[in-house]
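All remarks here apply to the structure that follows.
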Amino acid sequence: MKKIILLFIFSFLLINCKDVVKKEKTTGLITQKAMVVSARIEASKIGSEILKNGGNAFDAMAATDLALAVAYPFAGNLGGGGFMVYRKADGEIGALDYREKAPLAADRDMYLDNEGNVVKEKSTLGAMAVGVPGTLAGIFTAHKKFGTMPMSEILKPVIALAKRGVVVTKKQEDRIKNYQALFLKANKDSIPLSKKWKENDTIKYPALAETLIRIQQNGVDEFYKGETAKKMVSFIQANGGIITLEDLAKYEARWRTPVTFKYDNLKIISMSPPSSGGVALAQIMKAIEPYDLDQFGHNSTKSIQVITEAERRAYADRSFFLGDPDFVTIPQQELISKEYATKRMADFSFEKATKSADVSHGNIEIVESDETTHYSIVDQFGNAVSVTTTLNGAYGSKLYSPELGFFFNNEMDDFSSKPGVPNMFGLIGAKANEIHPEKRMLSSMTPTIVEKNGKLFMVVGTPGGSTIITSVLQTILNVHEYKMGMQEAVNAARFHHQWLPDVVKMEPKSFDKQAISELKDLGYTIDETTSRIIGKVSAILVLPNASLEGGADKRGDDTAVGF
Ligand code: DON
C-alpha cells in the first residue's frame with residue numbers, strides 16, 4: 001500500500017512538474033514593477049535603466065526610441081516617424097502623431113510618368129521617397145509634456161551605445177545581407193552597412209553619435225532648424241529630393257484623440273487617423289463581438305471565418321474612407337459604431353466565404369514584411385506607453401547620410417500614388433489618401449493600450465505593414481477570448497486578410513490541416529506558402545496579481561527587460 005501511495009505521489013509530482021515546465025516555456029519575463037519590450041535588448045535595457053533611475057514611461061520612451069535608432073537601423077530611426085498612445089496611472093489617455101508629412105513641393109501625381117503610370121521605385125527608393133521626418137519632434141513633444149528627467153541625461157546612454165557599438169545578431173546579419181544591392185542603388189556608393197557584417201561583429205555608429213551629441217546640446221531645433229537640418233537638406237537635395245529647410249522648420253507633432261471603444265469588459269485605446277489602425281481595429285472587433293469566439297476555439301475554422309470576414313469588410317472601408325484628418329473628413333464615429341458593424345456583417349454566413357469582389361472590386365498582390373518597430377512600456381508609477389515607429393520599408397528609402405549617420409524613410413509610398421494601384425503592402429487607396437503638400441500619409445500602425453474593468457490590462461503593438469492591425473487584433477483576442485498568457489499570445493500562429501487580394505495569408509505550417517481544408521471547402525483561398533512574418537509583437541500584460549508579463553516576439557530579436 002505504501003508503495004502504491006508513493007507511486008501515486010511521485011506520478012502526481014511528475015505530472016505537475018511537467019505542467020510547470022510547459023508553462024515556463026510559454027511564459028514571458030515576469031516583473032513586479034516596470035517593463036520595456038522592444039525589438040532589441042540594448043534598447044529595452046536602456047529604457048528599463050531610465051525607469052530604474054527614477055524616470056517615467058515618457059522618459060523611457062525617449063530613451064528606448066533613440067536607442068532603437070542606434071541598435072535597430074532596420075526600423076528604429078531619426079529619419080522616420082511614428083505614433084504614441086499613452087495611458088497615465090490616473091487613467092488619462094492620449095495619442096501623439098509624429099507621422100512624416102509630404103514636402104511642400106509634393107504633388108498628387110509626383111510618382112507618375114507622362115502616360116500617368118506609376119514610376120517603379122520612385123516612391124520607395126532614394127530621396128524622392130522621403131517624407132519630412134517626425135521622430136525627433138514626437139520624442140521631444142512627448143517629453144516636454146510628461147517627461148521628468150532632463151533630455152541630456154536620457155541621451156547619455158544612447159550616445160554611449162552609438163560610440164561603443166552594437167553586436168550583430170544572426171537575424172540582423174541576414175537582413176543586412178539581403179539589402180546590399182538596394183543600399184548601393186540608393187546611395188551610389190558604399191555605406192557603413194555595406195560591409196559583410198557577421199553575427200557577433202560590433203558595428204559602431206560614430207557619425208550618429210555626433211548627431212545625437214548636437215541634439216543633446218541644442219535640443220530638437222538642432223534637427224529641424226540647426227546645423228543638422230542644413231546638412232540634411234543639402235544631402236537630400238544633392239540626391240534628387242525635394243525636402244527644404246522650410247519643410248523641416250514647419251514640422252510639428254500633433255496631439256490626437258485616440259480611438260476608444262468597448263469590447264466585452266475591455267476598453268481598447270488605439271491610434272487615430274492618420275493611422276487607420278484604431279479605426280480598423282474597432283471596426284473588426286465590433287463586427288466579431290457578437291460571436292462566441294471562445295466557444296469556437298483558437299484558430300478553429302469558425303473563428304478564422306468570422307475574423308476574416310470582419311477584416312475583409314474593414315479593409316475595404318479603410319481604402320476608401322481613411323486619410324489625414326487634417327485634409328479629409330472621416331466618418332469615424334459611424335465606422336466604429338455597433339450599428340454599422342451589424343450592417344456590414346449582415347450578409348456574412350458560416351455556409352460560404354463572401355467574395356471580396358462583392359464587397360468592392362480590384363485584384364492585387366500583397367507583400368508583407370516587418371520593417372517597422374514597436375515597443376511597449378509600463379513604468380513603476382503605473383503609466384503605460386505604446387509606440388510604433390517606422391522608416392516604412394526595411395532601412396526606409398535605403399538612402400543613408402554618412403555624415404549624419406542615419407537612414408531616411410520611404411514613407412511617401414504609404415500615400416496612394418494613383419487610385420487603385422497598390423502600394424508596397426498591396427494596399428490600395430482612393431482620394432482620401434492622395435498626395436498633397438504637408439499632408440500625412442495613411443498608416444496601419446496600431447499602438448494600442450487595453451483596459452479591463454477600468455484598469456490597465458495590456459500594452460501592445462507590432463510592425464508588419466498592412467498586417468499590423470490584424471496582428472494586434474489576434475494578440476488581444478488570444479489573451480481575452482482564448483485565455484493565453486502574454487508570451488503565448490504573441491507566439492501563437494497568425495493569419496491575415498485585407499480585402500484585396502482575396503486571400504487568407506497564414507503563417508506556414510502553423511495551422512490545423514483540417515481547419516484549412518474546411519476553409520477551402522467554404523470557398524476561402526488560403527496562402528500558406530509565401531507568408532514570411534505576420535507581425536512581430538512587443539506587448540506587456542498586467543497579471544491578476546499586478547505583476548507584468550512581457551510578450552517579446554520570437555519572430556525577431558525582441559526582448560523584455562524590467563524589474
Ligand atoms: O505606416 C504604415 O502603415 C507603414 N509604413 C508601416 C510599415 C511597416 O510596418 C513596415 N514593416 N512591415
Side-chain angles (χ1 to χ4, degrees), residues 39 68 72-77 79-85 95 97-102 123-125 129-135 138 171 175 178-179 256 270-281 314-315 318-319 322-324 366-375 386-398 407-417 422-429 433 435 439-448 460-472 494 496 498 505 531-538 553 555-556 558:
L68 283 167
Y72 195 58
F74 186 67
N77 64 82
F83 297 108
M84 183 264 279
V85 170
D97 158 7
Y98 50 102
R99 182 68 161 166
E100 299 91 326
K101 284 168 64 169
S123 68
T124 58
L125 193 74
V130 184
V132 183
T135 293
K171 289 192 172 94
R175 278 197 301 265
N178 285 342
Y179 288 96
R256 306 268 183 202
S270 191
M271 193 59 216
S272 42
S275 181
S276 62
V279 172
L281 185 67
Y315 275 82
R318 175 198 192 276
S319 85
L322 301 189
D324 182 347
I366 172 184
V367 188
E368 81 289 327
S369 52
D370 62 334
E371 298 111 4
T372 300
T373 191
H374 179 87
Y375 57 91
S386 186
V387 175
T388 314
T389 175
T390 189
L391 288 165
N392 194 25
Y395 307 102
S397 63
K398 322 300 182 258
F407 284 104
F408 292 94
N409 70 81
N410 59 352
E411 219 72 61
M412 290 297 285
D413 189 63
D414 272 347
F415 278 118
S416 170
S417 291
N423 74 358
M424 62 187 276
F425 299 108
L427 293 166
I428 60 176
N433 190 32
I435 304 171
K439 190 175 172 184
R440 283 147 144 100
M441 52 297 275
L442 185 62
S443 171
S444 300
M445 292 191 280
T446 315
T448 299
V460 56
T462 179
S466 55
T467 70
I468 290 175
I469 301 161
T470 56
S471 299
V472 168
R494 292 194 277 264
H496 170 77
Q498 61 173 40
K505 304 279 281 181
S531 288
R532 283 199 291 133
I533 287 170
I534 299 183
K536 204 155 67 61
V537 176
S538 288
D553 209 317
R555 296 160 181 88
D558 301 41

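Counting starts at 1 for both ligands and their atoms, in listed order.
Donor-acceptor pairing under 3.5 Å is lacking for the side chains of Arg256 and Ser272. Side-chain contact annotation: Asn433 with Ser416, donor-acceptor N/O pair under 3.5 Å absent. For the residue pair Asp413 / Thr124, no side-chain donor-acceptor distance below 3.5 Å is found, with atom types taken as modelled.
With a 4.5 Å cut-off on side-chain heavy atoms, Thr388 and Phe83 do not count as touching. Looking at Arg555 and Arg494, their side chains come closer than 4.5 Å, going by heavy atoms from C-beta outward. When side chains are defined from C-beta on, Thr446 counts as touching Ser270, because their heavy atoms get closer than 4.5 Å.
Residue contacts with ligand 1, taken as heavy atom pairs separated by less than 4.0 Å, involve Asn392 via backbone and side-chain atoms alike. Of the heavy atoms in Met441, none comes closer than 4.0 Å to ligand 1.
Residue contact check: Ser444 has heavy atoms under 4.0 Å from atoms 1 (O), 2 (C), 3 (O) of ligand 1. Near Gly464, the atoms of ligand 1 lying under 4.0 angstrom from a non-hydrogen atom of the residue are 9 (O), 11 (N), 12 (N). Listed by number with element, the atoms of ligand 1 under 4.0 Å from a non-hydrogen atom of Ile468 are 9 (O). Residue Met445 has at least one heavy-atom neighbour below 4.0 Å for each of these atoms of ligand 1: 1 (O), 3 (O).
Using a non-hydrogen distance threshold of 4.0 Å, Arg99 registers as a contact of ligand 1.
Considering both main-chain and side-chain atoms, Gly465 comes within under 3.5 Å of ligand 1 through a nitrogen or oxygen pair. Residue Thr390 has no nitrogen or oxygen atom sitting less than 3.5 Å from a nitrogen or oxygen atom of ligand 1, judged on distance alone.
Of the listed residues (Ile534, Asp413, Thr372), the one carrying the non-hydrogen atom nearest atom 6 (C) of ligand 1 is Thr372.
For Met441 against Ala102, the heavy-atom pair with the smallest separation is CE-N, 4.4 Å.
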